[in-house]
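Atoms considered below: every heavy atom in the structure, side chains included; atoms not considered: hydrogens, waters and symmetry mates. Throughout, a chain's letter reflects where its sequence line sits, starting with A, and its residues are numbered from 1.
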Amino acid sequence: MNPEEIKPTDFIREAVAEDLKNGRFKAVRTRLPPEPNGYLHIGHVKAFMIDYLIAKENGGELVLRFDDTNPTKEETEFVEAIEEDARWLGIEWVKVTYASDYFDLLYAWAQKLIMAGKAYVDDQTAEQVTANRGTLTEPGKNSPFRERDVEENMDLLERMKNGEFPNGSRILRAKIDMAHPNINMRDPAMYRILHEHHHRTGDKWKIYPLYDWSHGQNDSMEEITHSLCSLEYENHRPLYEWFLEQLGVFKPRQIEFARLNMNYTVMSKRKLRRLVEENHVSGWDDPRMPTLRALRRRGFTAEAILDFIRKVGVAKNYSISDVSLLEACVRDDLNKNSLRRMAVIRPLKVVIDNYPENQTEEMDAVNNPEDVNTGTRKVPFSKVIYIEQDDFQEVPQPKYYRLFPGNEVRLRYAYFIKCTHVLKDDKGEVIEVHATYDPESKGGNAADGRKVKSTIHWVSANHAQEVEVRMYDRLFTKENPEEGDEGFLGCINPKSLEILKGFVEPSLASAKTGDRFQFERLGYFCVDIESKPEKLVFNLTVNLKDAWAKIEKKNG
RNA sequence: UGGGGCAUGGUGCAACGGCAGCACACCAGCCUUUGGAGCUGUGGAUCUUGGUUCGAGUCCAGGUGCCCCAGCCA
């Protein structure tokens, strides 16, 4: 599926269509404004797709603009990572720009505002500025420096720029209204002094613009028509528009939507960073993380993620999407598109007593029942096989119809077998199951037409390859990890990673990093980046739906 | 208590004054060489109180609940 096939309708698309119809804008240009200070996660995808698709659907353009106004936090490393992740999603842009590309012009615009008496240099300390801002219910107080004349303001700003003053000693502020009910309008800061090296402009600048003074102006300079952002910027829209009106420049339209939240995970950069830095996960690409690199490593496809984003929709409601919808999307994609293989991840040995000692047969197995074009393969069968521990019960629970003493089941693509007896160790654990097979049932159907209730998967002990299987579960045990006293670190799921040694059929020997398969009756798996030909490593992407697990749960 | 925003099944999103619908989840059945997939079906929602209207989830008024804003972060 191509991203452009995803065409939902929503209030933003309606607004854009209206703007085109009534002539407010003649074409559509949107921008993607990531701050290069972290890796992209699934929450970003929603915003990215809104920006990308709305431009695309309207025959417009998307600009990828890195919001690099804070040199203390941003790094080039993230610029590359973000571009790579966005490309993986299939997003296309007409050009890459940086907020820092516009520092010179922006400075000139600030001077323009000073000349118009709309901005001033404030010498108050940060504490004083805060104290004089007022509160939610009380108005603020004017700064004693608010009425400085134009010449002095121009001179001071120039000297701030040249590095004559230490960090924090002065700021440039817009002159609006200290009594405004919207706190963002109480003479917001435009420039702060920061003697910092910038990843692109080096040491040229000693002052850096703040978001409110940079973003809208950059939008205007690039003639962005629709500046789409999350709900928390709704309070900033009056300021966004004020600057543009004072300047008398091209005025884009800002529209806000609810960002993506998901249960059983955390999305904030700060929290994700803690997970990494405190070693709760192995890194930014640990398959349990919600980052795009992690999801990719885990085996999620871009198509599945895009499908999820489409199904989640766009609205202004604060909402928390269900991670099970994401899982449903990836199952849906992988069901249609992944090759089936047999693997046993919790092995139990089965000896077929009446099968010839040194015989091997090659069984025909379907590669993907959802896509006959993928053909078949051969799977070796012999006297000793492994089956899943779950597929045998010495004393069967109600409704359990897999293997148990006296019961007959089908070995997928092989024979019917019937359990005769078991061998146990000192502790009474079943360590070996014995069975007999029906030679007349080769391929999986009995000559006399009798039926079995269950089909189980298997691998031939002598032919199987031992592999590592990493079973993942949700990183947190609580739907909302942020709530409660212990915080998100207090509800990390101790079983979010389980490393198993399993056996896979021989055809998997040549599997390469990134290859995806369905291990029949278990789930979808992806070859990990740490996999080597002599030691294959598979990650669980998502399990198959498990009807038996539900019955078991109901049974208690 | 100032300002801005949002309230529809369990979750997310539709319905633009005219039979409240879709997806995921849930439940039941059919089918099945994956207890997968597929197919069929059931149940379940308009925050509240008034008003306008032949008719209100939608319009109006009041109430309630939740989210955002007092960084020289974005």
Side-chain angles (χ1 to χ4, degrees), chain A residues 8-10 14 33-35 37 67 69-70 72-73 122 124-126 129-131 133-140 167-173 179-186 188-194 207-208 210-212 214-215 229-238 256 258 260 263 269 308 310-329 331-332 335-336 340 342 365-366 369-370 399-402 409-414 416 443-445 451-457 479 518-523 543-551:
Chain A
T9 175
D10 52 68
E14 283 169 5
E35 185 187 9
N37 73 343
D67 226 323
T69 56
N70 189 345
T72 63
K73 291 163 66 178
D122 192 347
Q124 294 183 106
T125 63
V129 169
T130 300
R133 186 150 27 221
T135 68
L136 295 179
T137 52
E138 300 162 290
N167 287 356
S169 57
R170 280 173 236 260
I171 53 174
L172 182 73
R173 302 179 76 176
H180 200 110
N182 180 340
I183 290 177
N184 292 308
M185 299 296 272
R186 317 238 264 231
M190 296 165 63
Y191 279 110
R192 77 288 218 186
I193 299 171
L194 240 34
I207 57 172
Y208 291 92
L210 281 107
Y211 172 85
D212 284 313
S214 175
H215 199 99
C229 58
S230 53
L231 252 26
E232 72 247 47
Y233 292 102
E234 216 156 14
N235 295 327
H236 294 249
R237 184 163 15 105
E256 311 85 11
L260 177 74
N263 57 10
K269 271 171 201 163
F308 167 70
R310 183 180 59 79
K311 285 176 170 160
V312 152
V314 180
K316 293 189 77 160
N317 298 342
Y318 173 86
S319 61
I320 302 172
S321 293
D322 197 333
V323 66
S324 66
L325 178 59
L326 209 211
E327 293 169 348
C329 291
R331 280 193 195 102
D332 190 51
N335 174 53
K336 294 186 190 87
R340 312 294 131 120
M342 289 203 282
V366 174
E370 304 288 320
K399 299 226 176 104
Y400 184 86
Y401 45 80
R402 275 116 92 155
V409 300
R410 173 166 38 233
L411 293 176
R412 187 136 159 102
Y413 301 127
F416 282 14
N445 287 304
K451 303 286 185 198
V452 288
K453 289 208 76 171
S454 179
T455 299
I456 65 175
H457 63 276
E479 268 203 50
Q518 183 199 96
F519 288 174
E520 294 219 20
R521 303 208 308 130
L522 294 174
N543 61 310
L544 249 30
K545 283 211 280 186
D546 189 351
W548 169 244
K550 273 185 207 166
I551 296 169

Could you tell me the separation between the CG atom of A:Asn70 and the CD atom of A:Glu35, rounded to the nearest 0.5 Å?
6.5 Å
Expressed in angstrom and rounded to an integer, what is the separation of A:Tyr401 atom OH from B:U32 atom C1'?
10 Å
May I ask you to verify whether the side chain of A:Arg402 and the base of B:G35 hold a donor-acceptor pair under 3.5 Å?
yes
Counting distance only, does the side-chain N/O of A:Asn317 pair as donor-acceptor with the main-chain N or O of A:Ala258 below 3.5 Å?
no
Can you see if the side chain of A:Lys545 gets near the phosphate of B:A37 - specifically, an N or O under 4.0 Å from OP1 or OP2?
yes
Rounding to the closest angstrom, what is the interatomic distance between B:U58 and B:G18 at atom C1'?
11 Å
Base-pairing assignment for B:A23 (Watson-Crick or G-U wobble, both under 3.5 Å)
B:U11
Distance, rounded to the nearest Å, where A:Glu138 contributes CD and B:C69 contributes P
19 Å
Nearest-angstrom distance, C1' atom, B:A20 to B:G5:
25 Å
Would you mind classifying the nucleic acid contact of A:Ala126 as base, sugar-phosphate or nothing, using non-hydrogen atoms under 4.0 angstrom?
base
Phosphate OP1/OP2 of B:A74 contacted by A:Arg192 side-chain N/O (<4.0 Å):
yes
Quick one: label A:Thr69 by what it contacts on the DNA or RNA (base, sugar-phosphate, nothing), any heavy atom closer than 4.0 Å.
sugar-phosphate
B:G71 phosphate, OP1 or OP2, under 4.0 Å from A:Arg133 side-chain N/O:
yes
Whom does B:U46 pair with, Watson-Crick or G-U wobble, provided both distances fall under 3.5 Å?
none
Considering only atom P, compute the distance from B:U46 to B:G12 and round it to an integer number of Å.
16 Å
Position toward the 5' end of RNA chain B (nearest nucleotide), A:Ser324 or A:Gly444
A:Ser324
Across the strands shown, which category fits A:Glu370 at heavy-atom distances under 4.0 angstrom: base, sugar-phosphate, nothing?
base
Measuring only between side-chain heavy atoms, which start at C-beta, is A:Val452 closer than 4.5 Å to A:Tyr401?
no
A:Lys451 side-chain N/O to B:U32 phosphate OP1/OP2 under 4.0 Å:
no
Is it the case that over 12 heavy atoms from other parts of the model lie below 6.0 angstrom from the NZ atom of A:Lys269?
yes
Give, for atom CG of A:Leu544 and atom CD of A:Gln518, the distance between the pair rounded to the nearest 0.5 Å.
4.5 Å
Would you call A:Lys336 and A:Asp332 a salt bridge, taking side-chain N to carboxylate O under 4.0 Å as the test?
yes
Between atom CG in A:Asn184 and atom C1' in B:C69, what is the gap in whole Å?
6 Å
What is the distance from CG of A:Asp212 to C1' of B:C73, rounded to the nearest Å?
11 Å
Can you tell me the distance, in whole Å, between the CD atom of A:Glu234 and the P atom of B:G3?
16 Å
How far does CG of A:Asn167 sit from CD1 of A:Ile207, to the nearest 0.5 angstrom?
12.0 Å
For B:G5, does the base pair up with any side-chain atom of A:Tyr318 as donor and acceptor (N or O, under 3.5 Å, distance only)?
no
Side-chain N or O of A:Ser319 less than 4.0 angstrom from OP1 or OP2 on B:C13?
yes
Respond yes when some side-chain nitrogen or oxygen of A:Arg186 is under 4.0 Å from OP1 or OP2 of B:C69, and no when none is.
no
Paired with B:C73: which nucleotide, if any, by Watson-Crick or G-U wobble criteria at under 3.5 Å for both distances?
none
Once you apply a heavy-atom cut-off of 4.0 Å, does A:Glu479 come out as touching a base, just sugar-phosphate, or nothing?
nothing
Span that lies between the C1' atom of B:G51 and that of B:G9, in whole angstrom
28 Å
For A:Ile320, answer base if it contacts any base atom (sugar-phosphate contacts may also be present), sugar-phosphate if it contacts only those atoms, and nothing otherwise; contact means non-hydrogen atoms under 4.0 Å.
sugar-phosphate
Value in whole Å for how far the P atom of B:U34 lies from CE of A:Met342
12 Å
Closer than 4.0 Å, any side-chain N/O of A:Arg237 to the OP1 or OP2 of B:G4?
no
Considering only the P atoms, how many Å lie between B:C24 and B:U40, rounded to the nearest integer?
12 Å
Applying a 4.0 Å non-hydrogen cut-off, can you work out what A:Asn445 is touching in the nucleic acid: base, sugar-phosphate, or nothing?
base
Give A:Glu256 one of three labels, base, sugar-phosphate or nothing, depending on what nucleic acid heavy atoms sit under 4.0 Å from its own.
nothing
Applying a 4.0 Å non-hydrogen cut-off, can you work out what A:Leu325 is touching in the nucleic acid: base, sugar-phosphate, or nothing?
sugar-phosphate
Minimal non-hydrogen separation, A:Ser321 against A:Phe308, with atom names:
CB-CZ, 4.1 Å
Roughly how many Å apart are B:C66 and B:G71, using the C1' atom of each and rounding to a whole number?
25 Å
Sugar-phosphate, base or nothing in reach of A:Arg331, heavy atoms under 4.0 Å
nothing
Inter-residue atom distance A:Arg521.CZ - A:Arg412.CZ, 0.5 Å rounding:
9.5 Å
Checking B:A70, B:A23, B:C16 against the side chain of A:Lys311 (C-beta onward), the nearest is B:A23
Determine the interatomic distance between C1' on B:U64 and the same-named atom on B:G21; round to the nearest Å.
28 Å
Any A:Lys550 side-chain N or O less than 4.0 Å from OP1/OP2 of B:C26
yes
Could you check whether A:Asn235 gets within reach of a base, just the sugar-phosphate, or nothing at all, counting any heavy atom under 4.0 Å?
base
Can you check whether A:Asn543's main-chain N or O pairs, donor with acceptor, with A:Arg331's side chain at less than 3.5 Å?
yes
A:Tyr400 near the nucleic acid: base, sugar-phosphate alone, or nothing, with a heavy-atom cut-off under 4.0 Å?
base
In this structure, how many angstroms lie between the P atom of B:C72 and the CG atom of A:Leu172, rounded?
13 Å
Mind checking A:Glu35 for me? I need base, sugar-phosphate or nothing, with any heavy atom below 4.0 Å counting as a touch.
sugar-phosphate
Using a cut-off of 4.0 Å on non-hydrogen atoms, how would the nucleic acid contact of A:Tyr208 be classed: base, sugar-phosphate, or nothing?
nothing
Select base, sugar-phosphate, or nothing to describe what A:Thr130 touches, counting heavy atoms under 4.0 Å on all strands.
sugar-phosphate
A:Asn317 side chain near B:C13 phosphate (N/O to OP1/OP2, under 4.0 Å)
yes
Nucleotide of B:U34, B:A74, B:A14 approaching A:Asp10 most closely (side-chain heavy atoms):
B:A14
Go nucleotide by nucleotide along RNA chain B from the 5' end; which of A:Leu231 and A:Asp546 gets its closest nucleotide reached first?
A:Leu231
Can B:G29 be described as syn, meaning its chi torsion is within 90° of 0, or is it anti?
anti
Determine the interatomic distance between P on B:C60 and the same-named atom on B:C6; round to the nearest Å.
13 Å
Separation of A:Ile183 atom CD1 from B:G5 atom C1', in whole Å?
16 Å
